[in-house]
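Have a look at the structure below, then the notes.
Position 1 is the first residue of the sequence, and the numbers go up from there. Just so it is clear, the structure is predicted and the values come from calculations on it, not from any experiment.
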Amino acid sequence: MVTVLIAILLPFVCAALIPLLYRRLRRVTHLGWFVLSVPFILFLLLARYIPQLAEGKTVIHTYEWIPSFNINFTTYLDGLSMIFGLLITGVGSLVILYSIFYLSTKESLHHFYCYLLLFMGAMLGVVFSDNLMVLYTFWELTSVSSFLLIAFWHHRKASRAGAKKAMMITVFGGLSMLAGFLMLYVASHTFSIREIVANVEVIRDHALFTPALILILLGAFTKSAQFPFHIWLPDAMEAPTPVSAYLHSATMVKAGIFLVARFSPVFGGEAVWFWLVSVIGLVTLFWGSFNAVRQTDLKALLAFSTVSQLGLIMSLFGLGSVGHYYGYEENSILYTQASFAALFHLVNHSTFKGALFMMVGIVDHEVGTRDIRRLGGLMSFMPITFTIAVIGSFSMAGLPPFNGFLSKEMFFAAVLAIRDVEAFSIADIGLFFPIIAWVASIFTFIYSLILISRTFLGKLQPEKIDRKPHEAPLGMLISPIILCLLVVGIFFFPNILGHYILEPAMASIYPTFPTTSELTPHIHAWHGINTELLMTVGVIIIGIILFKTLKSWKPLYRLFSQKYTFNTYYNRMIEMSENGRLTNKYMTGNLTHYFVYIYVFFVALIAGYFVWSDAMTFNFDKDSAIESYELILVFVMIFAAVWMIFAKGRVTAMLLNGVLGYSIAFFFVIFRAPDLALTQLVVESVTTALFLLCFKYLPDLMPELPRKRVQWSKALISIFVGATVTIVGLAVVHYDRFAPVATYFNDAYELAGGSNIVNTILGDFRAFDTMLEVVVLLIAGLGVYALTKLKPRKEEADHEN
């Protein structure tokens, strides 16, 4: 139980220690060796639970955080979270080992490893969290830490732009996901994912069930770069290669996949879920593979191939959701195998794509370029790197004897089986599923051949490269070699992975199915001559033909105008926001305009709601009698407010404003709120004195002579605002649509231990709000202090002048 908590917290603790230990460690050894111990130890700790999970057990523990709001730090280790935990720590260990030899010691290594550990801890928090709010907290932390990693080389404009694009798109999806989580809470009255899954039959009929489904999928699609949100992933390739190998092959982009898998027991079996997940996945699969062929940069090619492979995995989870529709019966097992194929390819993709990213990093590091047009003939100079490229590319293309072949065959079997499904009216268009999958696989085969041939085969072009090519040092080769050994090893021994890792994960996705052995098929490399094998043969034959004739049909890509791409629209939006065209239309610098915006919105929203909800009901029968001295105070306030409008001096206007403030304080006294009256008197006295000190040195007010239309518009807005506030104040007293909150605060003494309701509200009930206000003031103070310290000294300024 404690192990899971350690797995989440240890990366954060070590990230906090790096700034303290950096200077001492770099005198003794490379900082990466210290960081490497973190994921390696966590990998070993998690691996200890594999036998328990294989027996059907789970590890759960709850640490109370905010129990009054049902928000607790509940860690949940099951088969599904174990897969991702092992990938995060296992691939993380290999990436850090690779980075030790890839990154120069002149780089800001303490920043790099600090960001990397923050991301690692956030990802572990995502996959091990059972509470929706805790999961969302870690989810957004992955976006922040990935932003820092992508923009690590912040002196490059492309790196900053790529990080900003990834941040904007994924955070937008995260906010949508948060709204979906809150809707789920309203429907289920719990933040626990396990409890939601257990009570799914109760919440399926809730009105918020489908909106929550769509919003949660938005979060998953943006994170996993699904069409049309895929545009951030290619630009994120400006990050250092270790970041790309970690974030964009094994971890961050798999977070959306994890979310879909985790919520399959909740939303699986719904037609909306099936069509969105499977169709968006297939479109992403095709579009990513189609665009990968046209790329000339190796990392860009791998970026689009990652988009394509993520679409493949996503579509498989969509197809596997049909099993939830049918429930546990003999025929449904055929459809649940799509989810098994998704999990299998999830692991396979992390191995071969991680190796390929590291291979590209080696080529870039040793040759000085990733441009395919400048490469070629590297096989004789870099034989080990060439071998890594062949194993990774052929596995990605789905060829034996590599693990990608096994999961790709299962993918073909899944899209063929879906044609016979009667649910969701699939039979009408079911034929398109295998067709799209087959065509996308052809393009996958083509770009895999391009990756190998254009980089390592052909003639060397020494005049086009910056350095003389040579093999990478052994330290940089160890990590991709280990991944390649896994690629081959999984092909020959797939059922070890299937029994100990994939089978418990299937139990997490289909918790209502009585057995897991039937959900986990026995993986064979040879199933005889069947349709799936014939599809693979067709992919190879058509792929080779199209590859050989690439020059003749590649100009077809020019037919796709760059004026109408999602990237173009995104860039235009950013340009409009940065050049000020849109902003200048409403940020006029005129304070009157800003008040008009605020007041019009206020009236439209508040008054509009009260009119629409028919809440303007007034009943004065139970109101207290109005005393004569209260009427006098009201007339004093009216007189001061009206006179203030026509005041010709700033001091006069300020004194009249003070009259209004003191009159409100007198009302607090009359209504028996001495503490509020005292606060109002102190604040009003201080502000009036300060304003008088400032306004004394300002010139008198200049008379405004606006046009009659402007005068009448201001008058109407003022009347509407005043009327809205008055009506709301009167209507709230008699509003009975919701239970009054005042009864809750009547128990302030029992709940918070304070007899003064106002103090307890500020100090206890609004504790978070008050704390954040203090934090804001602290940040502002630190900012002022930093600015004063950064101000150049007099002698420095004179020297610069």
Side-chain angles (χ1 to χ4, degrees), residues 217 226-227 260-261 264 267-290 308-345 398 404-445 506 509-510 513 518-524 526-543:
L217 280 182
Q226 298 297 294
F227 183 91
V260 170
S264 286
F267 300 113
E270 295 293 318
V272 178
W273 179 270
F274 168 80
W275 286 113
L276 284 176
V277 177
S278 58
V279 172
I280 293 296
L282 282 175
V283 171
T284 306
L285 165 66
F286 170 78
W287 191 245
S289 62
F290 178 74
S308 178
Q309 298 295 307
L310 291 172
L312 186 154
I313 300 170
M314 189 70 75
S315 65
L316 282 172
F317 276 118
L319 300 179
S321 67
V322 177
H324 291 284
Y325 177 82
Y326 284 108
Y328 181 73
E329 59 182 49
E330 184 178 353
N331 293 333
S332 65
I333 300 300
L334 179 63
Y335 310 123
T336 58
Q337 291 181 8
S339 296
F340 180 84
L343 294 170
F344 191 22
H345 197 73
F405 169 77
L406 300 177
S407 52
K408 190 261 302 174
E409 292 290 289
M410 298 178 73
F411 170 58
F412 283 162
V415 293
L416 289 171
I418 205 66
R419 295 176 302 169
D420 302 325
V421 175
E422 297 179 357
F424 312 140
S425 302
I426 298 174
D428 299 335
I429 60 172
L431 184 62
F432 287 99
F433 284 85
I435 291 176
I436 295 173
W438 186 70
V439 173
S441 298
I442 292 175
F443 284 107
T444 301
F445 184 83
M506 288 293 287
I509 297 176
Y510 299 98
F513 284 46
E518 295 184 20
L519 293 176
T520 308
H522 192 76
I523 307 172
H524 297 284
W526 175 252
H527 297 275
I529 300 176
N530 54 17
T531 307
E532 297 92 278
L533 182 62
L534 294 177
M535 291 175 70
T536 300
V537 174
V539 166
I540 297 173
I541 295 173
I542 302 298

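Minimum heavy-atom separation, A338 to L319: CB-CB, 3.9 Å. The minimum heavy-atom distance linking L533 with G528 is given by the pair CD2-O, 3.7 Å. When all heavy atoms of F317 and V277 are compared, the closest pair comes out as C-CG1, 4.2 Å. Contact record, A341 with M410: CB-CB, 3.6 Å, taken as the closest heavy-atom pair. Scanning both residues, G288 and S308, for their nearest heavy atoms gives C-CB, 3.8 Å. Nearest heavy atoms, I540 versus F445: O-CE2, 3.8 Å.
Considering OG of S441 and CZ of F286, their distance stands at 11.5 Å, rounded to 0.5 Å. With rounding to the nearest 0.5 angstrom, the CG atom of L217 is 7.5 Å from the CZ atom of F267. Rounding to the nearest 0.5 angstrom, the gap separating the CG atom in L285 from the CD1 atom in I280 is 12.5 Å. The CD1 atom of I313 sits 9.0 Å away from the CD atom of Q226 when rounded to the nearest 0.5 Å. Residue W438 holds its CH2 atom at 10.5 Å from CZ of F443, rounded to the nearest 0.5 Å. Expressed to the nearest 0.5 Å, how far CZ of R419 lies from CD1 of I435 amounts to 9.5 Å.
Classified by interplanar angle (parallel below 30°, tilted 30° to 60°, perpendicular above 60°), the ring pair H324/F513 is perpendicular.
W273 places none of its side-chain heavy atoms less than 4.5 Å from the side chain of S278. At a threshold of 4.5 Å between non-hydrogen side-chain atoms, the residues F412 and T531 do not count as touching. The closest side-chain heavy-atom distance from T444 to K408 is not below 4.5 Å. Side-chain contact between F344 and I523: present, with at least one pair of heavy atoms (C-beta onward) separated by less than 4.5 Å. For the pair L416 and F433, the minimum side-chain heavy-atom distance is 4.5 Å or more. Contact of the E409 side chain with the H527 side chain is not registered, since no non-hydrogen atoms from C-beta on lie closer than 4.5 Å. L343 places a side-chain heavy atom less than 4.5 Å from the side chain of I509. By the 4.5 Å heavy-atom criterion applied to side chains, I442 and F290 are not counted as neighbours.
S321 places no side-chain N or O within donor-acceptor distance of the main-chain N or O of G268, the cut-off being under 3.5 Å. Checked by atom type and distance alone, the side chain of T284 pairs as donor or acceptor with a backbone atom of F227 at under 3.5 Å.
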L534 vs N530, side chain to side chain contact (heavy atoms under 4.5 Å, CB included): CA-CA, chis, key distance, verdict: CA-CA 6 Å; L534 294 177; N530 54 17; over 6 Å; no

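A ring-centre distance under 6.0 Å is not found for F411 and H345.
Under the 3.5 Å distance criterion, with hydrogens and angles disregarded, no donor-acceptor pair is assigned to the side chains of S264 and Y510.
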